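Structure first, then comments.
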Amino acid sequence: MRVRFAPSPTGQLHVGNARTALFNALLARGQGGTFILRIEDTDRERSTRDSERAIIEDLRWLGLDWNEGVEAGGEHGPYRQTERLHIYRAHAVELLAKGSAYHCFCSEEQLEADRQGALKEGRPPMYPGRCRVVSQDEARHRMESGEKAVIRFRVPADREVVFNDVVRGEVRFSTDVIGDPVLVRSDGVPAYNYAVVIDDALMEVTHVIRGEDHISNTPRQILLYEAFGWESPIFAHVSLVMGPDHSPLSKRHGATSVKEFRDRGYLPEALTNYLALIGWSPGEGEELLPLEELAKRFRLEDVGRSAGVFDVEKLAWVNRHYLKLAAPDRLATESVPHFQRAGWIATPTPAELAFLAEVVPLAAASVDRLEQVPARLRFLFDYSASRALGDSAIRAEAEAARAVVAALVEELATSQPLRDRDMFRAMAARVRERTGQKGKALFHPMRLVLTGEAEGLELDLAVPAIERGAAIVSRIPDARERATLFLHELDSAPNQDKLLS
RNA sequence: GUCCCCAUCGUCCAGAGGCCCAGGACGCGGCCCUUUCAAGGCUGAAACCCGGGUUCGAAUCCCGGUGGGGACGCCA
């Protein structure tokens, strides 16, 4: 079995295309087949090498490695269409000689007028075949005298093209609604419908798995296989991914490219796992499975026919699952860009990285994506008593619990750093004895003082993290400093910020 | 406009004539856990697009309608 993913390098990898790539990869892996990556860069206007690099990077990040193709090599290369021009040219000559293709001299204006006219009269806007009657001799003369021509395929009249789509079953088209497609453009570069057929055939692709938007191209392509006397591959057209309003997933729905999801801190195994769940089910009520297990269970026949809505909430759920499974070191490394964006870390030192590895997993356990981690750890890197007390609710609570605050300051003045949960609890017990406060009345004011926030991580975890952080990162004040700052701020009048606001 | 594809809870998926007064998951509501917010555990509400057939019996098969999507390019 040989399958391929053949993106056109005109932008970022879209999650819908990533899902198509995933299905190809799953099938190849599960069946021990070959997964080929081919670059369809025949649209010279829009194709860029940067896009190609970006797509390749995303594919690798997702873990969808290919064993043949661009950057992997193989027997059937080259794997970039613009490097295969000589191959397409040779086959076009063959088609021309057989009479299966012909030169067309119609101008773009002429064709556009044809389309408008057809639409107006309620006919399918297809090429009317005007140049079918131009003889090869005449064509040669016209080209020699400088006229530009494209090569079109001669679609046989009045035929049914039937194929058995693995996901859709039998699909049939009448050739009456298929206009003669352009095979080679006037600049000699092949068009999509032609290049895919040549490439899939020569690369010995056995299963063409692609988006449903290509289903109506399939009959043209089958006709081409026939013209060459080649056997068609097996086709499978998977449905498209939609936005919440059932229109094609696009920018206005939020993130659409793999890159954006990566930048927001989704884990690759979460994205692939989620994508596999649109239009397919691993069975047995199980949904959260590693790629290898998905590959083992994947069957093309089981892929659903209807379009699926991309559900960010469910993706978030999948991501939370993998966030909890991820190794601390990885979470730390992956979070660095997000801390940098917040301005709290530059290039991390090994000690800082080690600190992040301690502290990021704490936050990652209660967050949808890594992007949200810094906010959850703001109490560490961006403590501010004055900002906290600028909040009237916090100030009111702190004033009411002044005894707790004062006791906390005194206890901290003489205590060791609260390096672990037990030390923190012991200290809290002493404050409780001094003040007679307990439960929420005891702990919440302490939270305000030590984190500067009304909500957040369990203090058991947060306080030791503060003390560890203070020892490693210079910008992080320890518990003692925080308490002192807080009390000082509480004693002074409501600050400037508050007066201004 | 023409052709093609699709149609089960808000969303994703299971269901391939009786096992279904339809099952799982996300989300949502409630409860629990708890020194806060989350996270986590438990629990509840929630669907077979409509109309005709076929059949003893249809979510499942057939036809029509409606709705959604795709294609009709010297874009892929």
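Just so it is clear, the values below take in all heavy atoms, side chains as well, and ignore hydrogens, waters and symmetry mates. Each chain gets a letter, A, B and so on, in the order its sequence line appears, and its residues count up from 1. As the structure is a computational prediction, the values presented were derived from the model and not from experiment.
As a whole-Å value, the separation of D114(A) CG from U2(B) P is 20 Å. One atom, OH of Y88(A), and another, P of C74(B), lie 18 Å apart when rounded to the nearest Å. Between E108(A) atom CD and C74(B) atom P the separation is 7 Å, expressed in whole Å. Per the geometry, CD belonging to E40(A) stands 9 Å off P belonging to A76(B), to the nearest Å. Per the geometry, CG belonging to L315(A) stands 19 Å off P belonging to A25(B), to the nearest Å. Put simply, CD on E109(A) is 12 Å from P on C74(B), counting in whole angstrom units.
D43(A) and Y192(A) share no donor-acceptor pair across their side chains, judged by distance under 3.5 Å alone. Side-chain polar atoms of D245(A) and S247(A) form a donor-acceptor pair below 3.5 angstrom.
Between D43(A) and R123(A), the residue anchored closer to the 5' end of RNA chain B is R123(A), taking for each the nucleotide with the nearest heavy atom. Residue order along RNA chain B, read from the 5' end via each residue's closest nucleotide, puts R168(A) first among R168(A) and L277(A).
Using a 4.0 Å heavy-atom cutoff across all strands shown, R432(A) reaches no nucleic acid atom at all. Base engagement by V150(A) is indicated by at least one non-hydrogen atom pair under 4.0 Å involving a base atom.
Screening E212(A), R210(A), R168(A), H214(A) against H237(A) for a side chain to side chain donor-acceptor pair (under 3.5 Å) leaves a single residue, R210(A).
Considering only side-chain atoms of D311(A), the nucleotide from A14(B), A76(B), G10(B) that sits closest is G10(B). Considering only the side chain of E313(A), C26(B) comes nearest among C74(B), G24(B), C26(B). Proximity note for V171(A) (side chain, C-beta onward) versus G24(B), C5(B), C72(B): the nearest is C5(B).
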Exercise. In B/S/- notation, 5' to 3', how is nucleotides 63-70 of chain B contacted by protein heavy atoms closer than 4.0 Å?
Worked result: ------SS
For this session: Let me have a per-nucleotide readout for nucleotides 29-50 of chain B, 5' to 3', with B, S or -, counting only protein heavy atoms under 4.0 Å.
Result: ------BBBBSS----------
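Below 30°, between 30° and 60°, or above 60°: for Y274(A) and F310(A) the angle between ring planes is above 60°, a perpendicular geometry.
Remark: the S186(A) side chain and the C74(B) base include a donor-acceptor N/O pair separated by less than 3.5 Å.
Inter-residue side-chain proximity for F153(A) and V182(A) is flagged as unmet; no heavy-atom pair is nearer than 4.5 Å. Contact check for I198(A) versus Y194(A): side-chain heavy atoms found under the 4.5 Å cut-off. In this structure, the side chains of R434(A) and V404(A) stay at 4.5 Å or more apart for every pair of heavy atoms.
Pair assignment for C49(B): G65(B), on the basis of Watson-Crick or G-U wobble contacts that are both within less than 3.5 Å. Remark: C42(B) base-pairs with G30(B). Criterion, Watson-Crick or G-U wobble with two distances under 3.5 Å.
Between A71(B) and R220(A), no contact under 4.0 Å exists linking OP1 or OP2 to a side-chain N or O.
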